[in-house]
A.B. asks: 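I am attaching a structure below and will ask some questions about it afterwards.
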There are 2 protein chains.
Amino acid sequence: MGTRQSIPPAPQQAGRRRRPRARRVPNPDLRTSTRVDILHSAARTFRRLGYHGATVEQIANALHMKKGNLYYYFKNKEDILFACHQYSLDRLMELVDQVEQSGLTADQKLRRLIVSFVHTILDELHGTALFLDLEALSPAHLKTVIVRRDRFDRAVRQVLQQGMDAGVFRPGDPKLLAFAILGAVNWIPRWYAPAGPSTSQDIADRFADYLIAGLRQA
Amino acid sequence: MGTRQSIPPAPQQAGRRRRPRARRVPNPDLRTSTRVDILHSAARTFRRLGYHGATVEQIANALHMKKGNLYYYFKNKEDILFACHQYSLDRLMELVDQVEQSGLTADQKLRRLIVSFVHTILDELHGTALFLDLEALSPAHLKTVIVRRDRFDRAVRQVLQQGMDAGVFRPGDPKLLAFAILGAVNWIPRWYAPAGPSTSQDIADRFADYLIAGLRQA
DNA sequence: AAGTAGTTTGAACGAGCGTTCAATTTCAAG
DNA sequence: CTTGAAATTGAACGCTCGTTCAAACTACTT
């Protein structure tokens, strides 16, 4: 069984599903949809206050739910954090697959990685920083997250190495350079304001321009 | 009264000072020295576990103290966090002053900023990320920290603008570029391992090379 | 209308942690 | 040795928050 799409499906309970509140469609997996709602609320709250600073009540209230209700959808708070990470990592793994299977050149691949990464963080995860509060995860969950994160890191390094081999990029330590690139991007949620002067499109393009320019052969 | 060196001196209590434990010199401000010890321990703990994840007891135990004793040196936990930020910002403001008063060219100034910033974070603050857990600060403290952080941000942008005006750097949005540079550097504590293959010297130099190369006029 | 599984709620419990404080210890000075 | 201020301690308090659960509610099925 793959780890892809690890968020919604959840260990399903028996029988049909209902709606949490205020909607009335008899859709078979509204349970899944509610789980995703919770994840989004949790992600926003975790980003603002950190895992330990955020309370289960805050996550619930943002959805007009009571905190006890969240335990119908998730085992506990840590489980919610883990699901947030899996959700984000699903997006990242999709991106890596896409890029690896494309026949693009190294610099095109890198641009695609950076641009899509920025869009994913800002638009889809609306500002949820990846790889946050890892220390709050259980050892087993932590291991899972790190394995997948490492796959992403490795993909970026590989593209850098390819570019260097092809002479498009200046020689250098791919590991260090990958950290620099990912750091610049992962830091965006700290200062990004959706109502600010820069759109996510702007940021994605400018960051890609700058971060790739620093690599090019003189 | 300046805001520089805002950490140790503390609102001094009356009379002479003693030693916290196991030393016996009648030095007048061992109180200050103990305060710095606490800040270092707190910084390490906050970095590992986050402000809310870290307990006062953990901070104390790392110094072979009991938690109640910390309240002899600091008003409360939030006060410790604030002092950590002030300590870090003191270092940063010193750096800004140095660079602004130097007669260096823009690219030299930027290199100096990046290299010293990396060294400060890794060597002096041993991996304490700056601008962390700001949301845990009281409104008044938060304001103070943000004002000083902004001064640093502005200094970096100014150097970028100077470089563009001088034609050393390609035209671009100094704000966005400054965020990219500071993000790459601020992210370092997340992956840096003192026992790892890269020394802080390595990292500082390579990062400066890369981050400045992306700015240069073609 | 009654039955039933899915979902929501409110209240309660219990643990952990920040904070306080009176009592105690340490240590230099007289 | 005695004194007294500085420093430390251990215990206690109170509050917050994660978690549990029985009861109530909802809406589809028969």
Side-chain angles (χ1 to χ4, degrees), chain A residues 10-35 37-38 41-42 45-46 49-82 133 136-138, chain B residues 10-35 37-38 41-42 45-46 49-82 133 136-138:
Chain A
Q12 294 216 349
Q13 279 164 227
R16 292 282 143 64
R17 319 286 135 37
R18 289 301 132 72
R19 240 291 145 180
R21 260 240 151 175
R23 271 169 254 180
R24 67 275 330 236
V25 203
N27 190 309
D29 44 14
L30 290 173
R31 181 161 236 270
T32 286
S33 140
T34 301
R35 278 175 63 90
D37 289 346
I38 294 171
S41 173
T45 313
F46 288 155
L49 304 167
Y51 175 77
H52 294 286
T55 73
V56 174
E57 197 162 19
Q58 289 171 318
I59 296 169
N61 285 348
L63 299 168
H64 308 290
M65 285 176 157
K66 306 300 174 182
K67 63 175 176 174
N69 199 8
L70 295 199
Y71 289 84
Y72 182 72
Y73 294 95
F74 291 94
K75 196 155 108 321
N76 54 34
K77 190 184 180 188
E78 189 265 338
D79 206 42
I80 297 177
L81 177 65
F82 178 59
D133 290 313
L137 291 171
S138 71
Chain B
Q12 296 217 348
Q13 280 165 227
R16 292 284 144 62
R17 319 284 135 39
R18 289 302 133 73
R19 240 289 143 178
R21 262 248 149 167
R23 271 169 253 179
R24 64 284 315 249
V25 203
N27 190 310
D29 45 13
L30 290 173
R31 179 159 238 271
T32 286
S33 139
T34 302
R35 279 175 63 90
D37 289 345
I38 293 172
S41 172
T45 314
F46 288 156
L49 304 168
Y51 175 76
H52 293 287
T55 73
V56 174
E57 197 162 19
Q58 289 172 317
I59 297 170
N61 285 347
L63 299 168
H64 308 288
M65 286 176 155
K66 306 298 173 184
K67 63 174 176 176
N69 199 9
L70 295 199
Y71 290 83
Y72 182 73
Y73 294 94
F74 291 94
K75 198 157 107 315
N76 52 34
K77 191 184 179 187
E78 190 265 340
D79 207 43
I80 297 177
L81 177 65
F82 178 60
D133 290 314
L137 291 170
S138 73

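This is a predicted model, so every value here is computed, not measured. Computed over heavy atoms, backbone and side chain alike; hydrogens, waters and symmetry mates excluded. Just so it is clear: chains get the letters A, B, ... in the order the sequence lines come, proteins before strands, and each one is counted from 1.
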A.B. asks: Ignoring hydrogens and geometry, is there a side-chain-to-backbone donor-acceptor pair from A:S41 to A:I59 under 3.5 Å?
C.D. replies: yes
A.B. asks: If I take atom CZ in residue B:F74 and atom P in nucleotide D:dA7, what distance separates them, rounded to the nearest angstrom?
C.D. replies: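 Checked: the CZ to P distance equals 14 Å.
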A.B. asks: Rounded to the nearest 0.5 Å, how far does CG of B:L81 lie from CG of B:D133?
C.D. replies: 6.0 Å
A.B. asks: Between A:M65 (CE) and C:dT7 (C1'), how many Å, whole number?
C.D. replies: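 It is 9 Å, rounded to the nearest whole Å.
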A.B. asks: Taking atom CG of A:L63 and atom CG of A:N69, what is their separation to the nearest 0.5 Å?
C.D. replies: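 A:L63 CG to A:N69 CG: 10.0 Å, rounded to 0.5 Å.
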A.B. asks: Return the value, rounded to whole Å, for the distance between atom CD of B:Q58 and atom P of C:dG16.
C.D. replies: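 Value for this atom pair: 13 Å.
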A.B. asks: Please tabulate the protein-to-nucleotide N/O contacts below 3.5 Å involving nucleotides 23-25 of chain D, giving atom names and distances.
C.D. replies:
none

A.B. asks: Verify side chain to side chain contact (heavy atoms under 4.5 Å, CB included) between A:M65 and A:T34, making sure each step is shown before the conclusion.
C.D. replies: CA-CA 11 Å; A:M65 285 176 157; A:T34 301; 3.5 Å; yes
A.B. asks: Residues in side chain to side chain contact (heavy atoms under 4.5 Å, CB included) with B:N76, at least two apart?
C.D. replies: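 Partners of B:N76 under the side chain to side chain contact (heavy atoms under 4.5 Å, CB included) test: B:Y71, B:E78, B:D79.
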A.B. asks: Check the distance between C:dT19's P and B:Y72's OH and give it to me in whole angstrom.
C.D. replies: 19 Å
A.B. asks: How does protein reach along nucleotides 11-19 of chain D, written 5' to 3' as B (base within reach of a heavy atom under 4.0 Å), S (only sugar-phosphate), or - (no contact)?
C.D. replies: ------SBB
A.B. asks: Can you list everything that forms a side chain to side chain contact (heavy atoms under 4.5 Å, CB included) with B:A54? Sequence neighbours excluded, please.
C.D. replies: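 B:A54 satisfies side chain to side chain contact (heavy atoms under 4.5 Å, CB included) with B:T45, B:F46, B:L49, B:Q58 only.
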A.B. asks: Side chains of B:T55 and B:K77, heavy atoms from C-beta outward: is any pair under 4.5 Å?
C.D. replies: no
A.B. asks: Once you round it to whole Å, what is the distance between P of C:dC17 and CD1 of B:I80?
C.D. replies: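 One finds 15 Å between P of C:dC17 and CD1 of B:I80, rounded.
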A.B. asks: Return the value, rounded to whole Å, for the distance between atom CG of A:N69 and atom C1' of D:dA22.
C.D. replies: 15 Å
A.B. asks: Considering only heavy atoms from C-beta outward, does the side chain of A:H52 approach that of B:Y51 to under 4.5 Å?
C.D. replies: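 No - every pair of side-chain heavy atoms lies 4.5 Å or more apart.
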A.B. asks: Between atom NZ in A:K66 and atom C1' in D:dT20, what is the gap in whole Å?
C.D. replies: 18 Å
A.B. asks: Round to the nearest Å and state the distance from B:I59 atom CD1 to C:dC17 atom C1'.
C.D. replies: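 Those two atoms, CD1 and C1', are 12 Å apart.
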A.B. asks: A:R31 side chain to A:Y73 main-chain N or O, any donor-acceptor pair under 3.5 Å?
C.D. replies: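 No; judged by distance alone, with no hydrogens or angles, the pair does not exist.
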A.B. asks: Output yes when at least one side-chain N/O atom of B:R31 is less than 4.0 Å from OP1 or OP2 of D:dA6, else no.
C.D. replies: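 It does not, given that no N or O in the side chain of B:R31 lies less than 4.0 Å from OP1 or OP2 of D:dA6.
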